[in-house]
Every structure is written in C-alpha cells, then in structure tokens.
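Right, one structure below, let's go through it.
Atoms within each ligand, like the ligands themselves, are counted from 1 in listed order.
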Amino acid sequence: MKIQFYGAARTVTGSCHILRIKDKLILLDLGLYQGNGAIEKENEYFPFNANEVDYVILSHAHIDHSGRIPLLYKRGFKGQVICTDATKDLCSVMLPDSGYIQEAEAEWKNRKRIRQGLKGIDPLYTSNDAVESLTFFKGYPYDNIIKLFDGLEIIFRDAGHLLGSAMVELIAKEDNKEIRLVYSGDIGNKGLPILKDPSKIKYADYVIMETTYGDRFHTKMEEDMKSLASIIKDTVKRGGNVIIPSFAVGRTQEVLYMLNKYVENNELKNCTVYVDSPLATEATSIFKRHEKYYDEEAKKYLERGDNPLEFKGLVFTKSQQESSELNKIQNGAVIISASGMCEAGRIKHHLKHNLWRKECSIVFVGYQAEGTLGRTIVDGSKKVRVFGEEIAVNAKIYNLHGLSGHADRNGLYEWITGFVKKPKRVFLVHGDAESMFSFKELIENENIDSEIIAPNQVIEIGEGDEIKLSKKDKLLEIIKNMDVDHMSKDEIIKIVEREI
Ligand SMILES: [Zn+2]
Ligand SMILES: [Zn+2]
C-alpha cells in the first residue's frame, strides 16, 4: 500500500491523502484549501487524473474535507464517494452552497478583470456541478463492514465531530497480509451537545491522525454556555440584541440545543431566537432526520416527546424580506447568522445594524481566522468596515472558546493512547507546525512512533506488516463496537454471518 500525503500536510485545510492499493486509486477526503493563504492554483491542481480515481472515502461534510469533490466530478470522476448517510445528506446542502460561493467569487473577480481589460475566469465549480456530483455519493451507517473491492474493507466509526463525521478503519489485504490503517478524520470534542463522544479504536498498524489542537486545551463548554445565557439576559436588560455569528452546520445546532435547555428551564425570557441563514435552516432539518446518531442526553429529550432543536420563541427566517425585517428590532432578539467569521452572508447586515449600539452584544462561538472581519472585531478594533461603510464598535464583544468541534491536546492524547496495541507508526496531519511538534513530543513519551508529514511525502507500507486477529477476537471486536441497542436482530446477524 502506498500513501501519498497531499492536502492538510502541515496545514489544516485541503484534506486529501492518496492511497494506492492493488491497482485502485483511493482518496481519503478531497477538501478545499481555505482561509488567508488559500491560493487558487492550489485548489485547481490535482496530482492525479480525475477519471482514474476509483473511490473517495469521505470522513465528514466540512468543506475543508469535501469541498473539491464537485471539481473532481467536473474533471471526469466516474467512481464512488463513500461516506456515512448523514454526511451524504449534509453534503447535499453544503456542496451546492460552496458552488454558489465559487460562482459569486468568480463573478466578483471578473468585474475587476474586465475593467482591467483581462479575460474573465471560470469558477472552480458551479452549484450545478455540485448537485450533479451528489449522484456519485453512497451513504452507509456506522460500524458496518463495507467491502469496496477484493482487497479493501472499511468501517466508519463515529468521530463525534459533526453529524455523520467518521473515523475510517481500512483493512487492506494484499498477498495474504492484512494491514490495518486508521484515518482519524477530525476527532470530536468530548461532551459536545447532540453528538456522541469520539469512538475509541482498538487495532491499527498505522494511523493518519489530525493534530489541530495538539498544543492547546479547551475551556469547559458548559461554562461557556452558562456565560452565553447570562450574556443574553444582561443584553436584554440593557435593551439590546445579541448577534451570534455562527457556522451554519454544526455550531448553530449546538447553540440551539443549549438555548433550548435555558428556555425550557425558564432561565431565558423576553427574547426571540432567530436563525437567519438558509443553510443553517436546511442543516437543522437534516440534524432532525438523523436522530439515531444523537447522544444519550439528546435522545432522552426525544423520548419525552421534546425535540431539542425546537423551542418556544425560536424562529427560522425564510425570505430575504423576513431577514431584512430583523433590522428593525431594537431589543430582545438573539440572531444566529452565518458566515461564522463574518466574511459573507446575512451576518454582515446584522453587524451593520447592531455593532454601533452599546446596548447590544456580539458573541463569537467559533474560531476566527486571521484577516477576517470576525477576527478584527475579536481583536478589539474600535471601527470596522462593513459594506464599504465605517461602523463604530460600541457593542460588547464576547469570544467563547469552549465550543470547539475538535478534541484538544487531552482529547487527542486519550484517543491515540486508547489502542489496545500501540500502532507501529502515527502520521501526523491537519495541524500547524507548532501544534504537531508539541504533540509528537507528548506521544513519544508514551513510546508511540510518529512522523510529521510533509506535503507530497510518499510512504510505502506493507512489507511484513500485519496484525493477525483470530476470528473470535475479530468477532468480539466487531460486536463490542456495534451499537447493538439501536440495531435490529437481522442487521446484527447479517454482520456476524459475513465474518464467520
Ligand atoms: Zn471538520
Ligand atoms: Zn478538518
């Protein structure tokens, strides 16, 4: 087996690792490079022919992991995209949205280019390319053995990072040898609302592991949420609105889940919560369709007949008109809107109308990349430009750090030391240099051999590599990892039969 590390090597975006097993070409994720340093050329370049790719194994729907699949389709991909069913559903709204952003960006650039007498450029892909690429997606549940071809089986395990997010166990068989490779995808933060905690995996020869927060610790999420409730109470008392710039998919639903608790405990009164983002609204209904993946606490709400993503005083705006109406509200509105870093979308209108009012509050609930409007506000600018207009920052600004979808240093450590047998080698990806070096040092104290991957590094694994599990061990391992409480007898029998 050959692994070529291509994207998210010494950086966090553009996730993509290329596997060659037998004569098959397999991609682990195919994400978009994002943020300040994202150069168009990087996104346009593939070190393979799109029509030669047999499979894309997709860990989760975030655009930095899935965002170039429509481009792959546009260039002639004829294979399959293998992911969980919830990931497939989330991609069905997130990828067309990404296509729309690509189109808008190209249009904006072309206006400039035409004024300079230059030729117009095409968008990386269109919303329509994204919609058409969805026909190649195949969704599966967690914990099932999925045979892709003679020589490769995979199992998705709940990564607890986003609805549908998965770690991937790959079991490759070549010349009677079995190699177990685990791709961590993005590892979730323990205790996240709605989602289960990240799965522990028992056996691996090799691990490709994310290290986003390999050098940092998160504050407690519960504390952050309590602060959110008191920020809202204070702001309502002062006679203002609360604006929450939020990522539409994942973070918005987590915030709603927590607000639901406070509203139902009668702790939050006299306010209306608006979700003002079409993508967030669609994503929320996908979350509602996949209740089977909720954690115990969220399931308890459902058993009581109470949907934790619905509460009195929660409004999902639909039209642009309804969104504009929110600008007239002076007091008692909690507006959750995208984009999370305030770079685009309806959030900019809400900032324009509330940022200058000292009685209002702006609450950041996610990471703010350098160079974004969100970051400028968090860093304490007294004036910012919104739609070309200078706006004074008089509102109270809060930055809640605890709400992270990613495991922190402790969570990553717990996960990698959770294997029954130490993996032979761990390839560190999806992190900046500082975080990776610090985490490498930490796990080397545990005698775990690791390597910080360089972009385009190729590693050949296989010679003499094998973990042979007896049939009984294998079966026990599968059963232990199955969510038997939520599976039918037939489903369990089917899996067991395949193994014997
Ligand atoms: Zn992610
Ligand atoms: Zn990621």
Side-chain angles (χ1 to χ4, degrees), residues 5-17 27-38 42-43 56-69 81 83-84 86-91 93-95 97-98 156-168 182-190 192-199 207-216 218 246-254 279-280 283 286-287 293 338-341 365-369 403-408 411-412 415 427-432 435-436 439 453 455:
F5 295 91
Y6 159 46
R10 305 209 176 168
T11 171
V12 289
T13 66
S15 270
C16 181
H17 313 295
L27 306 181
L28 295 175
D29 291 340
L30 186 55
L32 202 67
Y33 288 100
Q34 291 176 304
N36 241 4
E42 265 184 327
N43 275 326
V56 179
I57 300 174
L58 176 60
S59 67
H60 65 291
H62 279 150
I63 292 300
D64 61 318
H65 292 256
S66 68
R68 284 198 290 164
I69 293 174
V81 179
C83 58
T84 66
T87 294
K88 183 182 169 191
D89 285 356
L90 286 178
C91 282
V93 294
M94 291 172 79
L95 291 179
D97 182 72
S98 170
F156 288 123
R157 305 287 189 198
D158 196 338
H161 165 72
L162 173 74
L163 186 80
S165 66
M167 301 164 176
V168 192
V182 167
Y183 173 46
S184 74
D186 285 356
I187 302 173
N189 191 1
K190 256 184 156 178
L192 273 182
I194 311 170
L195 302 181
K196 288 181 185 161
D197 287 344
S199 309
V207 180
I208 303 174
M209 180 182 183
E210 73 115 328
T211 46
T212 319
Y213 291 120
D215 60 344
R216 269 163 287 174
H218 297 324
S246 175
F247 300 102
V249 182
R251 188 54 37 83
T252 293
Q253 292 72 32
E254 288 158 19
L279 182 58
I286 293 171
F287 268 67
Y293 298 140
S339 70
M341 301 193 205
V365 291
Y367 175 73
Q368 302 299 313
L403 270 174
S404 173
H406 284 271
D408 67 356
L412 294 175
W415 185 77
F427 306 115
L428 303 178
V429 297
H430 199 294
D432 56 32
S435 169
M436 286 184 176
F439 191 68
I453 288 305

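- Each of Thr87, Asp186, Thr84, Asp29 was compared with His60 under the side chain to side chain donor-acceptor pair (under 3.5 Å) criterion, and only Asp186 meets it.
- At the Zn ion (ligand 2), the angle from NE2 in His65 to OD2 in Asp186 is 90° when rounded to 10°.
- Separating the CD1 atom in Ile63 from the CZ atom in Arg68 is a distance of 12.0 Å, to the nearest 0.5 Å.
- Under a 3.5 Å cut-off, the side chain of Glu210 and the backbone N or O of Ile187 do form a donor-acceptor pair.
- For His430 and His406, the gap between ring centers is short of 6.0 Å.
- With hydrogens and angles ignored, the 3.5 Å screen pairs a side-chain donor or acceptor of Gln368 with a backbone N or O of Gly340.
- In terms of distance to the Zn ion (ligand 2), the nearest N, O or S atom of Asp64 is named OD2.
- With 2.8 Å as the limit, His62 does not count as an N, O or S neighbour of the Zn ion (ligand 2).
- Coordination check, Glu210 versus the Zn ion (ligand 2): failed, since every N/O/S atom of the residue sits at 2.8 Å or beyond.
- In summary, His430 places an N/O/S atom under 2.8 Å from the Zn ion (ligand 2), meeting the contact criterion.
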